[in-house]
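Report on the following structure.
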Amino acid sequence: MTDRQEAEPGQPDAPAAPGGLPRHVAIIMDGNGRWATARGLPRVEGHRRGVEALRRTLKAAREIGIEIVTIYSFSSENWSRPLAEVSALMGLLKRFIRNDLAELHEAGVRVRIAGDRHDLAPDIARLLVEAEALTAGNRRQTLVVAFNYGSRQEIANAARALAEEVAAGRRDPASITPEAIAGRLSTSGIPDPDLIIRTSGEERLSNFMLWQAAYSELVFQPILWPDYGREALLEALAEYGRRERRFGGLATATGG
Ligand code: FPP
C-alpha cells in the first residue's frame, strides 16, 4: 500500500480513549543494542532494524492521525559510543533521509530538526537543511527529528541567547518569561509533547525534552524498539487515554 492510499488522519484504529488522541507524541526509541545482543547480532543490526520499526511506527501514526511525532534519533551524549557505532548511526540517518524523504514528503509530512547543528559533518548538515526545505509547506503531520539533541544544552543555549540580548541592551531582564525561553529552544513553535513514550523498560528521560515535558504524560513500555510498530503504539495511546491531565489544576470531576 502506498502512502497515497493511507487512511485520512483521525479515522481508523484510533483507540476509544476518554482522553482522546495526543496531538504530539515524542518517542525515545530505546533497546536496539539489547535486541541485537539477545540474538547474537552486532549492535548495529539492532539500529538497522530500529529504522524499520521507525518506518512502521511513523506510518501508523499518520494513519491514526497524530499531528506531531518527535523521535530521539541521536543524543548529544551518543558521541561517546564507539566510533564504529557512531558512524553506523550517522550512516543510517543519512540513508533514512535519502531513502524516505520523498515518501514522507508525498505523505504530507513536514520535517523539523531539533538539536545542535554546529560541528555536524557538512553532508549531514546539508541533508537536514534539504529535508526541512523540501517539506516546509506540508501540513498533514510534523516529524521532529531530535538529532545531536541534548535538553540541558538546548536550555543553556536559550539562556545564553537571552543573556546576550540583555547585555547588548536589547532586552529587559523582566521580559525573560517561560514563553521567551520556549521561543529560543530548538523546538520553538512546536507545541509541547502530550505523550512521551520510552521503550525497552528504562524509565527516565535521559536529557530529552526536559523543558517541554513539564506536563507530558510518560508511558514506559517494556518492548525493545526494533519490535515496535502499530500495535505497541496503539497500546501506548490507550494508556494515554486512561490518564487524567490536570496541568497543575484540579480534576474536572471534583468540580473544584
Ligand atoms: C537506543 O538504543 C537508540 C539509539 C541510540 C538511536 C536510535 C536510532 C534508531 C532507531 C535508528 C536510527 C534513526 C534514524 C532516524 C535513522 P540503544 O543502542 O541505546 O539500545 P540499548 O539500550 O539496548 O543498548
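Just so you know, ligand 1 is whichever comes first in the structure, and atom 1 is the first atom listed for that ligand. For reference, positions follow the sequence shown, starting with 1. Just so you know, these numbers come straight off a predicted model, no measurement behind them.
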* Which option, S73, G50, S206, owns the non-hydrogen atom nearest atom 8 (C) of ligand 1? -> S73
* **Ligand-residue contact atoms, ligand 1 with L92, heavy atoms, under 4.0 Å** => 16 (C)
* To do: Determine, considering heavy atoms only, which of R95, R43, M29 sits nearest to atom 24 (O) of ligand 1.
  => R43
* Sub-3.5 Å donor-acceptor pair from the side chain of H24 to the main-chain atoms of I68, do we have one? -> no
* Interfacing atoms of ligand 1 (cut-off 4.0 Å, heavy-atom, W225) -> 10 (C)
* Asked: Counting each atom of ligand 1 from 1 as listed, which ones have a heavy atom of N78 under 4.0 Å away?
  -> 5 (C)
* Do any N/O atoms on Y72 end up under 3.5 angstrom from N/O atoms on ligand 1? -> no
* **N/O separation below 3.5 Å, G33 to ligand 1** => yes
* Between N207 (side chain) and S151 (backbone), is there a donor-acceptor pair under 3.5 Å? -> yes
* Can you tell me if D194 uses its side chain to pair, donor with acceptor, with the backbone of P22 under 3.5 Å? -> no
* Asked: Are any non-hydrogen side-chain atoms of L162 and I181 less than 4.5 angstrom apart?
  -> yes
* Asked: Taking N or O atoms only and a 3.5 Å limit, does R81 qualify as a polar contact for ligand 1?
  -> yes
* Asked: Using heavy atoms and a threshold below 4.0 Å, how should the contact between L224 and ligand 1 be classified: side chain, backbone, both, or neither?
  -> neither
* Qualifying salt bridge (Lys or Arg N to Asp or Glu O under 4.0 Å) pairs with a residue from residues 108-121, counting only residues at least two apart or across chains -> R117-E132
* Asked: Among I97, N32, N99, which residue places a heavy atom closest to atom 2 (O) of ligand 1?
  -> N32
* Under 30°, 30 to 60°, or over 60°: which ring-plane class applies to F208 and Y72, parallel, tilted or perpendicular? -> parallel
* **Atoms in ligand 1 with a heavy atom of L54 nearer than 4.0 Å** => 15 (C)
* To do: Would you kindly specify which portion of V145 sits under 4.0 Å from ligand 1, judged on non-hydrogen atoms: side chain, backbone, both or neither?
  => neither
* Is the backbone N or O of P193 less than 3.5 Å from a side-chain atom of S216, with the two atoms forming a donor-acceptor pair by type? -> yes
* Under 3.5 Å, is there a donor-acceptor pair between the side chain of S73 and the main chain of A146? -> yes
* **Distance filter under 4.0 Å to L93 heavy atoms, resulting ligand 1 atoms** => 15 (C), 16 (C)
* Asked: Atoms of ligand 1 less than 4.0 Å from H47 heavy atoms?
  -> 11 (C), 18 (O)
* **Any E202 heavy atom less than 4.0 Å to ligand 1** => no
* Asked: Looking at R245, E217, E235, which hits side chain to side chain donor-acceptor pair (under 3.5 Å) with Y240?
  -> R245
* Closer than 4.0 angstrom: is that true for some heavy atom of S200 and an atom of ligand 1? -> no
* Asked: Can the positive tip of R39 be found less than 6.0 Å from the middle of the six-membered ring of W35, inside 45° of the ring normal?
  -> yes
* Taking only Lys NZ, Arg NE, NH1 and NH2, and the carboxylate oxygens of Asp or Glu, determine whether E103 and R55 approach each other closer than 4.0 Å. => no
* To do: Could you check atom 12 (C) of ligand 1 against the protein and tell me its nearest heavy-atom contact, residue, atom and distance included?
  => V51 CG2, 3.8 Å
